[in-house]
Amino acid sequence: MEGDQDTSGFTLVTRKPCFGLPTACPNCLPAYIYLKLAQLPFQLAFNSTFPDSDELPYFETGTYVAYNNEDGGVIEKLKKDGVVNLDSQLHSQPEYLSLKALILSWLEEALAYETWVGTEGVSAWKIYYADLPWVISKVLFYKQTYMAKTRLGITKENAEQREQQIYKRASDAYEALSTRLGEQKFLFEDRPSSLDAFFLSHILFTIQVLPETSVLRCKLLEHGNLVRYADKLKLECLEAPSSSSSPPLHSFPSSFSRKGSKPKSKQKVEKTEEEKKFKKRAKYFLAAQFLAVVIYLSVMGGVSNDELEYEDDD
Amino acid sequence: MANPTENLDPNPRTREPEDEVEEEEEAQELNSDDGELEEEEDEEDDDDDDDTVSNPQTREGQSKTESLPPGNDKTKDHIIEAEVEAVREANTLQELLEASRVANSNLRAMDIFDSVNITLDSGPPELPGTTNVVIEVVESKNPLTGQIGAYTRAEAKSSSVEASLKYKNIFGYGDIWDGSMVYGFDSSAEVGMGMYLPRFKGLPTPFSSQRSLGLSLGLLSSKYHELVYTVAWRNLIDPPRLASESIRRQLGHSLLSALKYTFKYDQRDSYLRPTSGYAFTSTSQIGGLSPDSRSLRFLKQEIDLRCAVPLGFYQTALNFGVSGGVTFPWGSGYRTASSVPERFFLGGNSSPVCSLGGPSALWGFSTRGLGPNEPRRRGDVERDFVGGDAAVTAFADLSFDLSFRWLRERGVHGHVFACAGNMAKLTENEFRNLSAPKLLETFRTSLGAGIVLPVSLFRMEINYCHILKKQEHDRAKSGFFLTFSA
């Protein structure tokens with residue numbers, strides 16, 4: 001009732017699980033994977049009412065808390081505070097910095113664009129707002145979409161140009177990382193690093209969360225070795241609490257081969273769940289209209305017959 | 001009923017403007033500072049001074065007329081009439097006087113008039129048994145006002161300085177528009193805007209750890225009953241990032257859609273220094289009244305009982321009272337912790353003698369200074385008092401006049417007091433650990449003595465308080481305290 005809490009365990013507080021991932025938030029998943037790669041036992045707790053917070057994810061043990069908006073992020077803070085550091089002796093390597101720049105700037109930018117702009121927030125709605133009342137969800141969704149566009153420097157004048165630039169950079173980054181990785185298990189020899197956590201999180205989110213029509217997803221699936229890399233690490237690291245089973249990544253639509261596949265243009269959009277729902281509702285509406293007409297005709301037909309009878313009586 | 005046409009003055013005065021002043025001398029003037037005793041004396045004087053003028057103000061049923069208030073150039077008539085509705089329904093003189101007093105208070109509380117006067121006068125001779133109720137208001141000449149102050153709120157984590165500007169009655173609906181800036185002592189700053197309508201009360205502007213944006217709608221308001229519906233978007237934040245674990249878990253957005261019913265029966269002779277009578281208040285609140293099942297769902301019940309017993313010498317009176325409250329979530333989340341803003345927090349600089357808003361005041365204990373607590377984030381030695389799902393307080397206060405006449409004339413009096421209180425968490429199966437012996441064992445108690453200085457609208461106390469019993473980490477210490485109650 002009163003007094004100190006139990007301070008013995010580690011807890012990572014993230015946004016809720018979804019899409020077969022232990023946490024579907026692209027900011028929270030790297031921290032989860034990082035702790036798993038470090039084989040640090042921890043509990044998972046969820047906060048589903050703060051979609052616009054930059055404090056999530058945060059790591060806590062007793063009174064120690066590592067927020068994501070401090071010291072460069074929760075992973076950096078855990079390294080700096082000596083809790084867990086997978087990047088020891090890697091900082092001096094020039095490749096480490098260049099790969100870090102690729103993953104944490106170009107790929108992160110591409111993911112943010114695709115989540116909030118490219119796919120119009122379809123996935124973001126389920127990740128961030130499913131547990132909030134509708135009014136609050138709507139306002140926060142528009143707010144976060146606006147902030148994402150601002151952060152990405154997208155305006156009405158440069159929207160197309162910026163989109164092309166983001167996708168081009170993402171393609172180049174995938175190419176570079178695919179070449180760097182080859183068929184290795186990790187990005188750096190046989191040891192996991194924080195870059196593996198970030199990159200694996202990016203791949204899993206892109207493939208499992210973004211819709212199949214996503215341009216970024218199509219570009220990623222062109223690189224088979226990246227998909228296999230993620231598949232292997234996913235089996236080792238992830239324990240998805242979601243009831244839906246998540247299929248292996250390589251078994252995603254076979255139409256996406258390593259070479260020669262062309263991304264579907266945005267104009268040709270497959271039927272989404274929303275369109276199916278809309279068509280269903282349209283059918284009900286038409287049926288209701290037909291029924292109303294039938295009832296009207298039958299009632300009016302009965303009334304006019306009665307009037308005729310009355311006139312006849314007169 | 002006496003015939004108002006009997007004993008008529010053979011030369012009756014007509015209601016000319018120059019005669020209204022004289023008539024006002026005879027009629028009962030009702031201003032906000034007049035007490036009931038003064039009104040009765042005026043009535044007797046009228047009877048003594050003017051036997052020949054008809055006095056339709058009998059103690060039996062009567063009808064009345066009203067004149068629309070002069071002075072409201074901007075304010076819509078129906079806004080003012082809504083506040084004086086109870087006057088129309090009064091059937092006896094006592095009810096008329098009481099209703100007029102309440103109406104005067106309500107109109108002043110709208111905060112858009114510089115002055116409000118309600119005058120009761122005899123009705124026209126052709127309408128026997130009637131009373132004219134004349135309401136005179138003077139709208140504020142300068143609609144723009146500002147204020148700056150330092151505040152401490154029970155739900156906030158720290159004190160703050162607030163500056164606000166108000167623009168009153170732009171559209172004539174008693175609307176008040178305000179903008180405010182709050183600077184918290186934890187280096188947090190908030191800017192907010194609010195809008196107030198007489199029946200739609202805007203929620204206060206944001207403060208350091210909780211942002212609220214919403215409306216309160218008064219559905220029913222009478223002498224004993226009040227029904228209010230509140231809808232608000234709440235955001236619990238932690239700008240300094242030092243909160244304890246259970247507070248961290250609750251950070252985020254929530255929708256409050258709640259109905260609150262208050263039954264209040266206050267028969268005490270005075271609000272600031274009660275010497276006889278009793279009061280009972282029951283407040284019931286249900287949250288989650290929304291088609292959206294994701295809004296905040298909770299039940300809350302508070303009860304206050306106060307009693308004042310005169311002892312018959314030196315205007316001595318014994319006041320005692322008990323307050324209790326309980327809150328818990330309902331619906332699918334009934335096993336989870338209750339929402340922090342709905343919990344009870346004890347302690348603070350108010351007197352339990354005056355407060356009738358559930359368990360809150362406890363002499364000697366700081367605001368949010370006792371109850372379930374947790375350590376804050378590493379680096380902060382203070383602890384978070386996270387509030388309780390159930391709370392109970394009790395007090396006894398003996399007030400008496402002081403021997404100095406100068407002090408007695410100004411209402412300054414002394415008092416000795418004792419109080420006790422406790423709170424507990426019930427949710428997350430904590431109620432299973434609760435037992436009466438344990439609750440009694442952890443009761444906080446204090447006693448003290450002091451001087452009460454009643455200022456016109458509030459009561460100030462300078463007390464010496466001695467803490468008899470407190471628990472570990474409670475913020476309480478024996479010493480001198482200043483207490484304000486309104």
Side-chain angles (χ1 to χ4, degrees), chain A residues 1-16 25 43-71 74 77 81-83 125-126 128-144, chain B residues 213-214 231 233-239 241-246 248-257 288 290-296 333 339 370-381 383 385-386 388-389 422-426 428 430-431 433-434 438-439 442 471-474:
Chain A
M1 192 167 78
E2 297 178 17
D4 291 342
Q5 300 281 325
D6 181 14
T7 59
S8 56
F10 300 116
T11 305
L12 182 69
V13 180
T14 65
R15 294 194 174 94
K16 54 176 266 180
C25 168
Q43 292 178 336
L44 204 56
F46 302 112
N47 181 315
S48 53
T49 60
F50 216 168
D52 54 340
S53 167
D54 52 1
E55 293 172 355
L56 286 166
Y58 61 85
F59 175 88
E60 59 182 27
T61 172
T63 56
Y64 170 82
V65 185
Y67 285 108
N68 198 44
N69 58 352
E70 293 175 339
D71 293 334
V74 64
K77 188 156 174 64
D81 292 343
V83 177
W125 190 265
K126 285 185 189 172
Y128 294 106
Y129 309 110
D131 289 342
L132 282 175
W134 182 85
V135 169
I136 297 177
S137 301
K138 272 290 184 189
V139 173
L140 289 178
F141 174 72
Y142 289 128
K143 174 192 160 194
Q144 282 189 266
Chain B
L213 180 68
V231 60
W233 173 353
R234 273 196 195 148
N235 185 15
L236 202 61
I237 58 175
D238 176 31
R241 295 194 293 270
L242 293 172
S244 59
E245 182 183 341
S246 62
R248 284 199 297 269
R249 291 288 187 275
Q250 295 216 7
L251 297 179
H253 302 270
S254 59
L255 180 70
L256 172 73
S257 173
S290 156
D292 199 325
S293 61
R294 295 164 290 193
S295 61
L296 210 58
S339 171
L370 65 123
N373 59 85
E374 294 173 7
R376 301 190 85 188
R377 187 184 179 190
R378 187 176 295 177
D380 191 342
V381 297
R383 297 180 74 88
F385 287 86
V386 298
D389 301 316
N422 203 356
M423 49 202 292
K425 179 179 176 182
L426 300 176
E428 295 180 313
E430 281 290 334
F431 67 92
N433 300 331
L434 199 63
K438 195 173 178 182
L439 203 64
T442 53
Q471 298 300 310
E472 189 187 8
H473 305 302
D474 283 355

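Order of the sequence lines fixes the chain letters, A, B, ..., with proteins taken first and strands second; residue numbering starts at 1 for each chain.
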side-chain contact (heavy atoms from CB on, under 4.5 Å) assessment of A:Val13 paired with B:Arg249: CA-CA 9 Å; A:Val13 180; B:Arg249 291 288 187 275; 3.4 Å; yes
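Neither the backbone nor the side chain of A:Ser48 has a heavy atom closer than 4.5 Å to any heavy atom of chain B. Only the side chain of A:Asn47 has a heavy atom closer than 4.5 Å to any heavy atom of chain B. Residue B:Ser290 does not touch chain A at all, counting heavy-atom pairs closer than 4.5 Å.
Salt bridge A:Glu55/B:Arg377: absent, no basic N to carboxylate O contact under 4.0 Å. Salt bridge B:Arg248/A:Glu60: present, at least one basic N to carboxylate O contact under 4.0 Å.
Annotation for B:Leu251 and A:Thr49: closest pair O-OG1, 3.3 Å, computed over non-hydrogen atoms.
Applying the side-chain hydrogen bond (donor to acceptor under 3.5 Å, both in side chains) rule to A:Asp54 yields the partners A:Asn69; only residues at least two apart in sequence or on another chain are considered.
In this structure, A:Phe50 CZ and B:Asp238 CG are separated by 9.0 Å, a value rounded to the nearest 0.5 Å.
In the displayed structure, A:Tyr142 atom OH is contacted under 6.0 Å by at most 12 heavy atoms of other residues, nucleotides or ligands.
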Residues 132-140 of chain A side chain polar contacts: donor-acceptor under 3.5 Å, at least two apart:
residue: A:Ser137; atom: OG; partner: A:Tyr129; partner atom: O; Å: 3.3
residue: A:Ser137; atom: OG; partner: A:Leu132; partner atom: O; Å: 3.1
residue: A:Ser137; atom: OG; partner: A:Pro133; partner atom: O; Å: 2.9

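B:Arg378 pairs in a side-chain contact (heavy atoms from CB on, under 4.5 Å) with only one of the listed residues (A:Val65, A:Thr63, A:Thr61), which is A:Thr63.
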